[in-house]
Amino acid sequence: MPELPEVETVRRGLQPIMEGAHIDSVELRRPDLRFPFPRGFAERLRGQEIIALGRRAKYLLIHLETSDVVLCHLGMSGSFRIDQDDEEQQAPGAFHHPRSKVEKHDHAVFHLTSGDGRTLRVVYNDPRRFGFMLLHDEGPLDSHPLLATLGIEPTGNALDGALLAERLRGKRTPLKAALLDQRVIAGLGNIYVCEALWRARLSPKRSADTIVARRGTSERCERLATSIRAVIAEAIAAGGSSLRDYVKADGSLGYFQHAFKVYGREGHACGHDECSGTVRRIVQGGRSTFYCPSCQR
DNA sequence: AATCTATCCTGTTAGC
DNA sequence: TGCTAACAGGATAGAT
């Protein structure tokens with residue numbers, strides 16, 4: 001369930017302690033997540049400094065001093081938590097041993113020494129194990145198979161009506177499915193697609209190319225591009241949405257879930273002015289779609 | 001080439 | 001009370 005806003009929130013939470021930190025060791029508590037950990041993964045990371053923490057679509061990118069990059073995907077239920085040694089354990093002369101607070105579904109532990117000399121652990125927990133970690137160690141990062149085909153980021157101003165029109169032209173798949181396709185726009189998932197379509201008052205069932213005009217952009221494309229950018233920006237500002245498994249790196253919760261207008265709100269009134277419709281749930285491609293049949297056309 | 005479907009996984013909840 | 005079934009769903013491989 002972590003979509004772009006949640007991954008960005010995780011990135012921002014981990015950045016202050018991970019950037020500039022030294023990797024003392026990596027502990028893998030099982031051989032695989034969704035995919036096996038790469039051969040020699042832990043050994044390759046040990047001793048390296050973390051240069052930067054980045055993000056592309058729903059991928060968290062850990063840039064290391066050797067130009068290696070760890071590609072990390074949280075799947076549906078992945079989360080990171082920071083285990084820090086407390087004051088007492090840090091006191092000079094105090095007997096010190098790393099806390100071994102292992103919780104269920106903790107699969108990988110990064111033992112770090114941060115820039116200011118404190119030791120800490122960044123723990124990856126993932127009950128459903130849909131997440132994965134891979135290592136990019138050769139060639140340009142953009143050429144990695146998982147990143148090469150990704151579409152445009154919905155953050156910033158690059159995503160406009162014209163670009164959206166270009167991307168959707170000729171696509172006869174339902175608009176909902178087209179927006180979930182990471183090759184079109186990178187980082188949207190079920191929640192934010194539903195919310196963006198509601199804001200744009202566009203039906204998820206409509207064939208994607210029907211919002212494209214002959215010349216390209218259209219009023220509908222403009223509305224949709226604006227809606228996508230807005231919902232993503234607002235969700236990031238709220239620290240993402242905490243539903244089911246997702247928690248921020250510091251253990252606190254995002255609060256954008258309270259701003260949902262349609263997602264998970266079947267039977268509730270549509271929140272649009274002058275619309276008396278009711279939110280409905282339908283299934284598209286085996287996934288739930290929430291929308292208002294009255295005003296989303 | 002585009003589009004659809006099955007698959008992976010486990011915790012939670014709804015239904016009988 | 002205890003069991004089973006449905007559901008959450010991102011990305012890929014394979015089928016159509």
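Residue numbers start from 1 in every chain, and the chains themselves are labelled A, B, ... in the order their sequence lines are given, proteins ahead of strands. On a predicted model such as this, the values are computed, not experimentally measured, just so you know.
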Spatial distance of atom OG1 (A:Thr173) from atom CG (A:Leu168) [nearest 0.5 Å]:
10.5 Å
At what distance, to the nearest 0.5 angstrom, does NE2 of A:His268 lie from NZ of A:Lys261?
12.0 Å
For the side-chain contact (heavy atoms from CB on, under 4.5 Å) test, which of A:Arg220, A:Arg169, A:Glu222 pairs with A:Ile211?
A:Arg220
With A:Leu64, the side-chain contact (heavy atoms from CB on, under 4.5 Å) member among A:Ile51, A:Ile23, A:Val69
A:Ile23
Under 4.0 Å between a side-chain N/O of [X] and OP1 or OP2 of [N], yes or no?
X: A:Thr173; N: B:dA2; value: no
X: A:Arg129; N: C:dA11; value: no
X: A:His105; N: B:dC9; value: no
X: A:Lys171; N: B:dA1; value: no
X: A:His73; N: C:dA11; value: yes

Polar atom pairs (N or O), protein with nucleotides 12-16 of chain C, under 3.5 Å:
none

Would you mind reading off the distance between [X] atom [atom1] and [N] atom [atom2], rounded to a whole angstrom?
X: A:Asn125; N: B:dG11; atom1: CG; atom2: C1'; value: 12 Å
X: A:Leu188; N: C:dA11; atom1: CG; atom2: P; value: 10 Å
X: A:Leu60; N: C:dG10; atom1: CG; atom2: P; value: 17 Å
X: A:Phe130; N: B:dT10; atom1: CZ; atom2: P; value: 10 Å
X: A:Leu180; N: B:dC4; atom1: CG; atom2: C1'; value: 14 Å
X: A:Leu4; N: C:dG10; atom1: CG; atom2: P; value: 12 Å
X: A:Leu175; N: B:dT3; atom1: CG; atom2: P; value: 13 Å
X: A:Tyr124; N: B:dC9; atom1: OH; atom2: C1'; value: 12 Å

Just wondering, are more than 12 heavy atoms of other shown residues or ligands nearer than 6.0 Å to CZ in A:Arg30?
yes
Flag yes if more than 12 heavy atoms outside A:Glu43 fall under 6.0 Å of its CD atom; otherwise flag no.
yes
Where the side chain of A:Glu49 meets the backbone of A:Glu65, is there a donor-acceptor pair that is under 3.5 Å apart?
no
Remember a base hit wins even if backbone is also touched, and classify A:Arg287 as base, sugar-phosphate or nothing at under 4.0 Å, heavy atoms.
base
Do the charged groups of A:Arg199 and A:Glu195 touch, with an N to O distance under 4.0 Å?
no
What I want to find out is whether A:Asp106 reaches A:Arg81 closely enough, with some N-O distance under 4.0 Å, to be called a salt bridge.
yes
Using distance alone, with no hydrogens and no angle criterion, decide if A:Asn190 and A:Lys176 have a side-chain donor and acceptor under 3.5 Å apart.
yes
Looking at five pairs on each end of the helix from B:dA2-C:dT16 to B:dC16-C:dG2, what is the angle between the two axes, given to 10 degrees?
60°
For A:Ala177 and A:Arg30, take the nucleotide of DNA chain B holding the closest heavy atom to each; which residue's nucleotide lies nearer the 5' end?
A:Ala177
